[in-house]
J.: 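Structure incoming, see below.
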2 protein chains.
Amino acid sequence: MRASDRAYAALRDDIIEWRLRPGTVLPEVEQSERLGVSRTPLREALSRLTAEGLTTTAGGRGVVVTDISLEDIDELFELRETLEGKAAALAAERGDAAVFLQLQRELLEAPALISAIDPARHEYYELVARLDSAIDAAISNSYLAQAMRSLRVHLVRVRRLAADDYARLTAAAAEHAAIAEAIAAGNPRLAQAATTMHLHRSLSHVKATHTPQ
Amino acid sequence: MRASDRAYAALRDDIIEWRLRPGTVLPEVEQSERLGVSRTPLREALSRLTAEGLTTTAGGRGVVVTDISLEDIDELFELRETLEGKAAALAAERGDAAVFLQLQRELLEAPALISAIDPARHEYYELVARLDSAIDAAISNSYLAQAMRSLRVHLVRVRRLAADDYARLTAAAAEHAAIAEAIAAGNPRLAQAATTMHLHRSLSHVKATHTPQ
DNA sequence: AACAAGGGCTGTGTATACATAACGGATGAT
DNA sequence: ATCATCCGTTATGTATACACAGCCCTTGTT
């Protein structure tokens, strides 16, 4: 693997996992020494992060980790509803029903995964990621898929803010199962509606856990 | 201006204006000499182009200019309809009516601009760009605006393929005026419908002029 | 004591030298 | 004759040295 890829992945994870807080400046020499690479590949990594919106160049003062405000979350979910609603509808039109039926079955059994010992819920999130991938493949629209991929980076970051308790995750699994069911049934409008429902509930949950004060 | 910015702008223009045809390989040393910059800023320019999708890295063989097939155009417009339809609806809800009323007036007089001597129709395209900017500002959603900006690069490239004759441009101006009117009237569904109409006609025009053989 | 000017320092922007991997051609063996 | 292998060339990947600009601190003057 290339040094620039390693630097990019390391920095991206640090930002997504909130180990690098918003506002943190990332001087090139300091970070290149921390990650054990030279300045050249590190600069490329920073360029990619800035293109994705995870960092911004603060005019002569280096790049800084971007903040995510509550307004940002609203905007993020507004775009997400647009893109993922369309994607679900297209998947219902073009997707393979068998694939989504299988995903629906697995999602209905997801509570077992959530109650398992893994506190990070890797198995559950991996299952949801497989649903995303199946939708990506079904829509056969690389531009739309690319737009959603660039969104998901920010969404993972937001997800780390929310308290993903057992109750919410089981509800979310049921909502995902409903999306998969609608796609498997070949019903575009229902798939879009199920997606809208799920995103609104997710957004409500995030805002409820993040603005109690 | 930085050397990397100049290299990026030059290469982007060359690709958009089809001076660099799809499939053209862009070796770093050759292009750096052509543009009068070193390899380092040129590499950053190529990274940005690749992130936008105008070029792709061809594993060890350098970066190549990406192709735009007819399927790509279909996918592009599918995403465009989703994003710009939503944007028009949001602009109708949140925008300043006076701004769009003024734009509508100017668009209704656009045929005068088109029949002017300028063969590149700079004035007309500048007016359309102002409508895009007004919508961007009205939606107050930076993520959606960013997604549309990254799309427009590809769309300009496609536009260069189409025969923008007088008849099509005057029709397009009327369609744009209808969008501005709907936004000014504060009617989201009408604005979205007008956008859908315009994009479908644009797509039909592109496909009609590009697949006669 | 306060303000302005200058110098140093820290940062990014650029160039270039070196390392390394892959493609192509040529040559040999089968 | 054809295929495999080796070597040379050429490309990118990386490191580092240099250039330059902006901010802060210090110092001098008023």
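This one's a predicted model, so the numbers in the text were calculated from it and none came from an experiment. Letters go in sequence order (proteins before strands), and every chain restarts at 1.
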J.: Both B:Pro27 and A:Gly36 contact DNA chain D. Which one's nearest nucleotide lies toward the 5' end?
T.: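 Its nearest nucleotide being more 5', the pick is B:Pro27.
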J.: Of all of residues 4-12 of chain B, which get a heavy atom below 4.0 angstrom from DNA chain D, listed by number?
T.: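 Within residues 4-12 of chain B, no residue comes under 4.0 Å of DNA chain D.
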J.: Could you pick out which residue, A:Leu46 or B:Pro41, lies toward the 5' side of DNA chain C when each is mapped onto its nearest nucleotide?
T.: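 Here A:Leu46 is the residue nearer the 5' end.
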J.: Who are the side-chain hydrogen bond (donor to acceptor under 3.5 Å, both in side chains) partners of A:Glu17, not counting sequence neighbours?
T.: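 By the side-chain hydrogen bond (donor to acceptor under 3.5 Å, both in side chains) rule, A:Glu17 matches A:Arg160.
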J.: Looking at B:Arg130 and B:Glu106, does any basic side-chain N land under 4.0 Å from a carboxylate oxygen?
T.: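 Here B:Arg130 pairs with B:Glu106 in a salt bridge, since their nearest N and O are under 4.0 Å apart.
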J.: Does any pair with a residue in residues 85-100 of chain B pass salt bridge (charged side-chain N to carboxylate O under 4.0 Å, His left out), and if so which ones, sequence neighbours excluded?
T.: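 Passing the test, one end in residues 85-100 of chain B: A:Glu78-B:Arg94.
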J.: Rounded to whole Å, how long is the line connecting atom CG of A:Leu42 with atom P of D:dG13?
T.: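 Value for this atom pair: 16 Å.
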J.: Round to a whole Å and report the spacing from CD of B:Glu44 to P of C:dT14.
T.: 8 Å
J.: Using the 3.5 Å cut-off, write out each protein N or O paired with an N or O of nucleotides 16-19 of chain D and the distance between them.
T.:
unit_1, atom_1, unit_2, atom_2, d
D:dT16, O4, A:Thr40, OG1, 3.1

J.: My understanding is that only residues two or more places apart in sequence, or in another chain, count here; which of them pass ring-ring contact (aromatic ring centres under 6.0 Å, His included) with B:Phe77?
T.: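 ring-ring contact (aromatic ring centres under 6.0 Å, His included) list for B:Phe77, sorted by chain: empty.
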J.: CZ/B:Arg80 to CZ/B:Arg152 distance, rounded to the nearest 0.5 angstrom?
T.: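 Reported value, rounded in 0.5 Å steps: 8.0 Å.
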J.: How many whole angstroms separate atom CD of B:Glu28 from atom P of D:dA11?
T.: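 Whole-Å distance recorded here is 10 Å.
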J.: As a test of reading the structure: which of C:dG13, D:dT14, D:dT12 is closest to the side chain of B:Arg2, going by heavy atoms?
T.: C:dG13
J.: Can you pull out every ring pair (Phe, Tyr, Trp, His ring centres under 6.0 Å) where at least one residue sits in residues 139-162 of chain B? Sequence neighbours excluded, please.
T.: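 Applying ring pair (Phe, Tyr, Trp, His ring centres under 6.0 Å) to every pair that reaches into residues 139-162 of chain B, excluding sequence neighbours, yields A:Tyr143-B:His154, A:His154-B:Tyr143.
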J.: Of B:Val25, B:Thr57, B:Thr55, B:Leu20, which is the lone residue that meets side-chain contact (heavy atoms from CB on, under 4.5 Å) with B:Val64?
T.: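 Single pass found, and it is B:Val25.
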J.: Just the rounded figure in Å: distance from P of C:dT12 to CZ of A:Arg43.
T.: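 Distance check: A:Arg43 CZ to C:dT12 P gives 8 Å.
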J.: With B:Ser202 as reference, evaluate B:Glu175, B:Lys207, B:Arg159, B:Arg168 under the side-chain hydrogen bond (donor to acceptor under 3.5 Å, both in side chains) test and give the passing residue.
T.: B:Arg168
